[in-house]
Number of protein chains: 2
Amino acid sequence: MSEPISAVNVAPRARPSRLRDVARLAGVSVPTASQALNGHARISAGTKERVAAAARELHYTPHAAARRLSRGRSDCVAIVPGMNMSGFFSDLFYRALLSGVGTALETEGFRMLITPAVRFDEQAPQFVQMARAREIDGMLLAGAVDVHWARRVLEAGTPVVLLDNYYPEAIAPAIVNDNTGGAYAATSHLAALGHRRIGFVGADVEYPFGSDTRAGYRRALRDAGVSADPALEVRCAIDAECARAAAGRLLDRAGPPTAIFAVTDMMALGVINAARDRGLRIPADLSVVGMDDIELASVTNPPLTTVRVHKEDMGREAARRLLDLIHGRDVDPAPVVLPNELVIRGTTGGPHGASLC
Amino acid sequence: MSEPISAVNVAPRARPSRLRDVARLAGVSVPTASQALNGHARISAGTKERVAAAARELHYTPHAAARRLSRGRSDCVAIVPGMNMSGFFSDLFYRALLSGVGTALETEGFRMLITPAVRFDEQAPQFVQMARAREIDGMLLAGAVDVHWARRVLEAGTPVVLLDNYYPEAIAPAIVNDNTGGAYAATSHLAALGHRRIGFVGADVEYPFGSDTRAGYRRALRDAGVSADPALEVRCAIDAECARAAAGRLLDRAGPPTAIFAVTDMMALGVINAARDRGLRIPADLSVVGMDDIELASVTNPPLTTVRVHKEDMGREAARRLLDLIHGRDVDPAPVVLPNELVIRGTTGGPHGASLC
DNA sequence: TTGTAAGCGTTATCAT
DNA sequence: ATGATAACGCTTACAA
């Protein structure tokens with residue numbers, strides 16, 4: 001240890017072995033070694049075994065860039081979380097989507113890259129650059145991603161599938177939950193319980209989710225013969241705290257709602273907190289319905305009545321369609337709308353403080 | 001819209017433009033275009049401008065794999081979270097490290113990849129494969145990563161720097177907090193307040209962090225003339241819930257401690273919960289000191305007395321040394337030990353229920 | 001069944 | 001200041 005300064009760099013920086021090293025050791029040509037390792041049929045079993053042994057001995061791993069350049073693909077897919085979610089990893093809804101995506105990709109040997117939709121300066125966002133740089137073979141745009149940038153990705157020749165969103169222009173296949181239907185079911189459930197002043201805590205976002213949920217809510221009111229009162233509708237960011245504030249405004253009105261439908265479970269939790277802030281009991285004084293059925297929903301107290309969204313299915317279906325596109329198979333660009341179902345738990349009851357709980 | 005089925009794939013899948021397209025449009029040769037875009041000195045200003053304009057017009061982005069192959073580097077660094085942390089992103093300590101790493105890399109135009117240390121089957125873990133595949137130019141191994149695998153990475157010719165860990169073999173530069181000193185300061189503080197039965201909630205891990213913190217704790221006791229009682233030492237996973245249980249065992253003893261040093265803030269929070277479970281007041285009935293000074297520490301009630309670890313600095317220093325290695329500059333392989341300081345807040349007081357609070 | 005030749009898109013080295 | 005040539009490591013098409 002007399003020369004600690006250079007000890008780290010003195011060791012001749014060993015290079016990883018290349019295919020030619022493997023080929024030489026196995027006594028075959030480079031292309032033969034390549035075919036052997038990639039399991040091509042026309043290589044004899046004996047050769048395959050010799051090459052495999054050589055590769056093992058040398059700890060051979062193909063040079064990723066070389067392979068990508070040569071094959072023209074990366075076996076890698078990017079998933080781009082849109083602007084509507086702040087903490088992608090902490091969001092239970094997106095985490096569930098992700099798990100569906102991951103399992104589907106895994107079975108086909110694809111890797112997954114998470115790329116935020118952030119944008120520096122005047123540049124195109126990173127995910128567009130990645131498409132142009134051919135770093136990935138396909139993209140999953142999840143949530144609120146501007147159609148303009150989706151176009152740029154497509155122009156770069158990279159297949160795109162939308163997840164939890166769709167564009168009216170139908171420029172790419174899309175997988176969405178039946179948000180209109182879910183909102184309809186949730187609201188109808190409240191109306192069926194006898195509620196007449198049903199509040200709506202919606203999402204203040206630009207993409208279809210915002211309008212679809214409101215459409216479902218309104219249609220349910222109309223079908224139930226309840227006159228819609230615009231004053232009972234509020235909208236805010238998709239976030240528990242914002243929903244708490246928004247619901248507070250609703251509850252502080254002269255004629256407050258006896259029930260509220262919030263378009264996500266996290267927002268429903270915010271609504272419940274707003275009610276608790278005011279000493280209201282759930283569901284005796286206020287019924288609440290959410291949407292998503294995240295893991296949290298069933299363990300709250302009381303457990304949340306909500307709309308079960310098949311998140312893993314959404315992720316899986318989206319990934320499958322993307323793989324189809326990547327492999328050159330045709331895919332219907334019309335949005336695929338996945339059904340959902342109402343799950344009645346403990347936060348809903350009749351308007352007069354009676355049932356459940 | 002009479003043929004929705006094939007609409008997506010019918011559009012000729014445009015290819016992103018290559019350098020030769022740019023060169024042709026600018027009326028120069030391919031190598032010239034390359035040099036112009038990469039800012040080589042010997043290209044005339046006029047040519048540079050023409051090439052830049054052409055590139056802009058064609059939305060040119062270099063093919064990532066081609067560039068990597070040609071340049072022999074990826075401008076990309078992997079950070080590998082060791083086995084000691086479950087949720088990497090939710091861990092406030094590692095998040096802070098990460099931010100330091102990120103800013104240091106960013107200024108040098110490097111990208112950062114997070115690769116879990118998981119291992120499938122009999123294979124080498126993914127991060128070793130990535131080194132062999134030359135997907136990255138260097139690696140930051142954070143926390144408990146087995147030295148065996150670090151060796152494999154080095155053998156692949158990939159520079160390594162250890163973060164929040166070091167190997168006795170000193171095979172790679174390392175950046176660590178002065179865990180021994182921090183534990184010493186924390187324990188000494190408690191002794192100075194008059195405590196004589198000082199508990200230790202340590203980390204049940206294989207790497208030096210576990211033994212270093214205990215060494216500091218013991219030395220502080222000895223220097224303060226307090227006889228060490230092995231029964232006051234417990235160890236468990238680095239986790240609030242585990243610490244809560246472990247501390248519970250300490251508090252349920254016949255002669256319970258009047259103060260406890262926990263080796264991380266999250267564990268200290270667990271200790272506080274254990275005390276609260278038993279109706280003890282902090283710090284009147286039990287003093288608690290943590291270590292790390294995560295954001296959470298200052299906002300608890302009462303605010304946590306802890307050892308401030310310079311997490312961003314650690315990340316930054318580690319990244320810098322890795323960049324040095326990557327650029328062929330020598331780096332001292334001896335561990336760099338960053339100092340820390342005790343931050344006295346509200347969870348510590350004298351042993352008789354008096355001071356503070 | 002295997003070896004030879006060519007090419008993927010970029011950058012570096014050498015002429016000019 | 002710029003253009004031709006070779007190289008990076010691998011895969012695919014073609015020849016043997």
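Not measured: the values here are computed from a predicted model. Sequence lines set the chain letters: A, B, ... in the order given, protein chains first and strands last, and positions in each chain run from 1.
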- prompt: How does protein contact run along nucleotides 6-16 of chain D, one letter per nucleotide 5' to 3', with B for base contact, S for sugar-phosphate only, - for none, heavy atoms under 4.0 Å?
  reply: --BBBBB-B--
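The nearest pair of heavy atoms linking B/A33 to B/L19 is CB-CD1, 3.8 Å. Of all non-hydrogen atoms in A/F110 and A/I326, the two that sit nearest each other are CE2-CD1, 4.0 Å.
Screening residues 105-118 of chain A for side chain to side chain donor-acceptor pair (under 3.5 Å) gives A/R111-B/E135 as the qualifying pairs, with residues at least two apart or on separate chains.
Taking five base pairs at each end of the helix from C/dT1-D/dA16 to C/dT16-D/dA1, the local helix axes there meet at an angle of 40°, rounded to 10°.
Under the rule for a salt bridge (Lys or Arg N to Asp or Glu O under 4.0 Å), the partners of B/R73 that lie at least two apart in sequence or sit in another chain are B/D75. In this structure A/E317 satisfies the salt bridge (Lys or Arg N to Asp or Glu O under 4.0 Å) test together with A/R320, A/R321, sequence neighbours excluded.
Considering B/L113, B/T158, B/V145 as possible partners of B/F127, the one that fulfils the side chain to side chain contact (heavy atoms under 4.5 Å, CB included) test is B/V145.
Proximity of B/S44 to the phosphate of D/dA1: no side-chain N or O atom is located under 4.0 Å from OP1 or OP2.
Rounded to the nearest 0.5 angstrom, B/L162 CG and B/Y207 OH are separated by 10.5 Å. Taking CZ of B/R132 as the reference point, atom CG of A/L58 lies at 10.5 Å (rounded to 0.5 Å).
For A/R152 and A/H148, the side-chain atoms include at least one donor-acceptor pair closer than 3.5 Å.
With a heavy-atom cut-off of 4.0 Å to chain B, the contacted part of DNA chain C has its first and last nucleotide at C/dG9 to C/dC14.
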